Structure formats: C-alpha cells, structure tokens
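Written out below as structure tokens is the structure these notes cover.
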Amino acid sequence: MIAIIGAGISGLTLAYQLQQAGKPYILFESNSRPGGYINSQRFGKYLLEVGPNSILVDKKLEEFIHELNLDKLFEPAAIINKNRFIYKDANIQQVPSGPLSFLTGRFFSAKTKYAIFKELFNKSISKENETVYDFFARRFSAPFTQYTIDPFATGVYAGDIKQLLIEETFPQLVELEKQYGSIIKGIFKKGFGEKRKTGTFVHGLQTLTDTLAAQLHSLQLNTRVLNLRKQMDKIVLTTDTKHGIEELTFDKVVVCGTTFQAATLIKDSYPDLSAILSQVQYASMKAVFAAFKRTDVTHPMNGFGCLYPSAEQSFLAGTIWNSSIFNDRCPADEVLTTSFIGGMHHPEYTALSESELEQRAIQQLSKDLGITGKPTFTHVAGWNKAIPQYDIYLKKARLASKLLSDDHIYFRSNWTNGISLGNCIQSARDLALIL
Ligand SMILES: Cc1cc2nc3c(=O)[nH]c(=O)nc-3n(C[C@H](O)[C@H](O)[C@H](O)COP(=O)(O)OP(=O)(O)OC[C@H]3O[C@@H](n4cnc5c(N)ncnc54)[C@H](O)[C@@H]3O)c2cc1C
C-alpha cells in the first residue's frame, strides 16, 4: 500500500496513475478541497485564477488531457499570447520574439545588440553553481540579462536571478553551451525544442484537478498527516482527521507538499534532512485582480501581459491580461487583469494592507495602460511561501531528499523536478511507473 501526502496537481496525478496501474494507494489532503495551488474562483461574471493561470501543453500532456476526456474543455490561449511586453524606460514595450528580432528591433541599444551578436564567439564555459545572472551576463551582457532574463525569472519563479542557479533552472542552456560553444548556435542547430501550447480550461484550470479528484477511489480530504516514521521495513504515518489521531502503516510514502511541509513530517525520523529542507527559500506573493471598462483603457492589451524588470524598481512584478488571452473571464465590454506583487525582490510589499495593495497596483496599471476610469471589479489574494527558489539551498535539498528512496520515501512536488504544472504532472507520472 502506498501513501501519498498532498492532493495538489502532483499528488492527484500520482494517485490517478497508480489507480490506473492497479496499485493500491491512499491520498491524504489536509484541506477540504483538492487542487493545492490550483484554485479557479467565480465572482459573478468574473472568473479568477487564484493561483496558476495557464498550462504549457506538450505532446505527452495533450495525450493525458485526452485520456481524462478533457479535450473539449481545453482552451488554447489566443494567438496574441505570444506577444510579451516588458516595462522599460517608464513604458510598456513589446519584447522581440526571436534571436533575429533581438538584433533588428529597437528594444536594445546598438551596444547591447553587438554584445548579443558576440555570444556566437564567446568561448567561456559555465562553472558549477553559476547563477542565472552570471551565466547570461557572461554570455550576452548585463543589460540584456536585466531586461529579458530578470523579468522572465520574475514571471516564472518570482525570483532573483542573482540567486537562482543556471543548472537548476535552464539545464538545457548549459548543455547547449557545452555542445555548441554558443547558445545562439545551439538554438539554430537544435531548434527551440518541442512546440508547446499555452492554454487553460473553459471553467478554469481547476477543471483539471477536479476531474482527477473525481476519478479517485481513495482520496481522504480533511486529513493532515502529522509525521512519518520508519518501523522495520514499513512506514507508519500519524494522521489527524475529524475522527481523531490515527496510525496507519504503508510500504511506500510519497510526500507531495512543500519542503517546509515535508520538513515537519520527517523532523523526528530524519532530523538532518529536515534541517536541509527547512533552509529552502520560497517567494511570497500577493495579487490584485482588477477589471476595467474596455473603453477606459488606451492600450490595446494585445498580448499575454507585462513583466517589470527589477532594475525599474516598480511596485508591480508583472501583470497578466487575462481577458486578452482567454474567453469569458469578464463581461464582454470589460478587460480583466491580474497583477502580481512581492516575490524575492520585494517581500516587504506582501505585508501591505489589501487596500494599499489595491490602490498602488491600480495607480501603476492606470499609468502604464492609459486607464482613465475606475475599476469595475477588484479582488486581492496572497500566497505565503508560494514558489520554491531553484538556488543552492534547493539544489542541496533535492540531492539529499533522493537518498530517502532507499527507505521507500519519495518526494514529488514543484521543488523536485521543476516548478510548472507540466513538470509536476510529468514527474508524478514518471514516479508512478517505478513505485
Ligand atoms: C500564484 C502562483 C501562480 C502560478 N502560476 C503558474 C502558471 O501559470 N503555470 C504553471 O505551470 N505553474 C504556475 N505556478 C506553479 C504551480 O501552480 C505549482 O508549482 C503547482 O501547482 C504545485 O503543485 P503541487 O501539487 O506540487 O503542490 P501544491 O499545490 O502545493 O499541493 C500540495 C498539497 O499538499 C497538501 N499537504 C501538504 N502537507 C500536507 C500534510 N502534512 N497532510 C496532508 N496534506 C498536506 C496541501 O494542503 C496541498 O493541497 C504558480 C504558482 C503560484 C503560487
């Protein structure tokens, strides 16, 4: 019997795969709802993603969606989602979309363009534990890094590229450097990798986790696992349910929560690993959802949204233009936006009151998008310790946690094999094959 702790996308996918393979399991979830960070909420005519907004779908994931009979509910993002904007020189500017347009467009100065071109002949090689900033600044120059990679890392990790490690975040680029001596050469020779499409589901991403949960025979909600301990060749879990404290014995356990949740579970049995897991850094974030009358917005909002490089010292880290990329997110004559605040660059902003967050976010949005009217709808949400940082602490935690597989204890979540929903799904499916 296999215990799975945590019914976010990782735990749900793992449970589903084990069930399909006829392997007995119990999935424990402390909350009253499954889904973890995936949380689609409807407020009248507004559909908010109070968590992840979209999923990148490759061939394997497309097959999984098909297997779940969700093809008809899958909604690919509007084609304009490929347009990305970055705040630069106090303006929202469209980012060049490929290596050639980096060199031809107006986004970069002539000096930075020359530095990008010189990357082709840059013979330097990455050293162990090189940060994302050092890697890109070494190959492409600091200005390029500050205005492309820094905002990208904010968009994905809410992170600081001076702490994130290149081998943990972009291992394929380290490989390209080794193999071709240049990232640009490597991309031209190998291509950009498999094509993936951005999408969601008609009623929000939660359709995916709700569908998985509905298929499971052994999902126990409102059940917190308090700790685990090894007993002979078995693992004993102490669970806390509305019926009281219970001890249950399993052959294998998979922990599908954050490093700090995992650290608590193993504190007594594996104190050294618990201490390493406790050191992992997470970014906290707040989000301000705001809708406006379309006629009150000057900017065409013809893209996915806008990211704010840390060098610009903006209040916002990034804004997604939800109604530009997905249908029926708000009334037809309005636009819906989600603005993120905080992250590793500005953790102090997450302590602001809801009214201050809302007021400052709307002030900046109004300036950047040329909005004249007041919002028709607002909502504020937050996530404490939301995004694990793929830095030196996480590298140590990932390596150390693998040793517990000798004791049949495994970890699968967004800190083990990649942060994205696609990473979580694929790594859970891979683990199911070997359990
Ligand atoms: C604001 C935000 C925006 C994001 N945007 C995107 C995006 O657009 N696209 C994308 O691909 N990714 C995005 N991500 C990342 C993605 O959402 C997460 O990486 C992913 O949802 C993590 O899933 P998980 O199952 O690994 O963990 P979680 O969702 O954290 O689930 C873990 C579950 O375990 C439960 N649990 C923990 N400990 C115990 C215990 N002791 N007993 C019982 N239950 C327990 C928790 O209650 C929780 O339900 C975003 C993340 C955030 C926070």
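Here the structure is a predicted model, which means the values were calculated and not measured. Every number for a ligand or one of its atoms is a count from 1 in the order of the listing.
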Provide the number and element of each atom of ligand 1 under 4.0 Å from a heavy atom of M285.
1 (C)
Which option, I387, T338, L221, owns the non-hydrogen atom nearest atom 51 (C) of ligand 1?
I387
Heavy-atom distances under 4.0 Å are what count here, so tell me which part of I5 touches ligand 1: side chain, backbone, both or neither.
side chain
Would you say ligand 1 has an N or O under 3.5 Å from any N or O of L265?
no
Within-shell test, L56 vs ligand 1, heavy atom, strictly < 4.0 Å:
no
Contact region, R412 to ligand 1, non-hydrogen atoms below 4.0 Å, reads neither
About how many Å separate OG of S218 and CZ of F28, when rounded to the nearest 0.5 Å?
9.0 Å
Among Y87, F315, F85, which residue satisfies the ring pair (Phe, Tyr, Trp, His ring centres under 6.0 Å) criterion with Y308?
Y87
Ligand 1 to I38 polar contact by distance, N or O atoms, under 3.5 Å
no
For atom 17 (O) of ligand 1, tell me which residue out of P52, A262, A428 has the closest non-hydrogen atom.
P52
Does the ring of F107 carry K88 above it, NZ/CZ under 6.0 angstrom from centre and within 45° of its axis?
yes
One should read off an interatomic distance between L61 CG and L208 CG, to the nearest 0.5 angstrom, of 7.5 Å
Should S54 be counted as touching ligand 1, given the test is an N or O pair under 3.5 Å?
yes
Take K190 and E175 through the salt bridge (charged side-chain N to carboxylate O under 4.0 Å, His left out) test and state the conclusion after the steps.
CA-CA 11 Å; K190 270 192 108 168; E175 271 312 302; over 6 Å; no
Nitrogen or oxygen atoms of N414 and ligand 1 under 3.5 Å apart
yes
d(M1 CE, D251 CG) to nearest 0.5 Å is 8.5 Å
If the plane angle is over 60° it's perpendicular, under 30° parallel, otherwise tilted; pick one for H379 and F43.
tilted
Determine whether the side chain, the backbone, both or neither of A287 has a heavy atom under 4.0 Å from any heavy atom of ligand 1.
neither
May I ask whether T258 places a heavy atom under 4.0 Å from ligand 1?
no
Dump the intermediate steps for ring-ring contact (aromatic ring centres under 6.0 Å, His included) on F64 and Y16, then the final yes or no.
CA-CA 11 Å; F64 188 54; Y16 171 82; 5.8 Å; yes
Can you name the atoms of ligand 1, numbered from 1 with element, that are less than 4.0 Å from a heavy atom of S413?
24 (P), 26 (O), 27 (O)
Below 3.5 angstrom, do we get any N/O pair linking G11 and ligand 1?
no
Heavy atoms only, cut-off 4.0 Å: how does F28 contact ligand 1, side chain, backbone, both, or neither?
backbone
To the nearest 0.5 Å, what is the distance between CZ (F340) and OG1 (T319)?
8.5 Å
Under 3.5 Å: N/O of E29 near N/O of ligand 1
yes
What distance do T207 atom OG1 and L212 atom CG have between them, rounded to the nearest 0.5 Å?
11.0 Å
Should you measure from each heavy atom of W383, which atoms of ligand 1 turn up under 4.0 Å away?
1 (C)
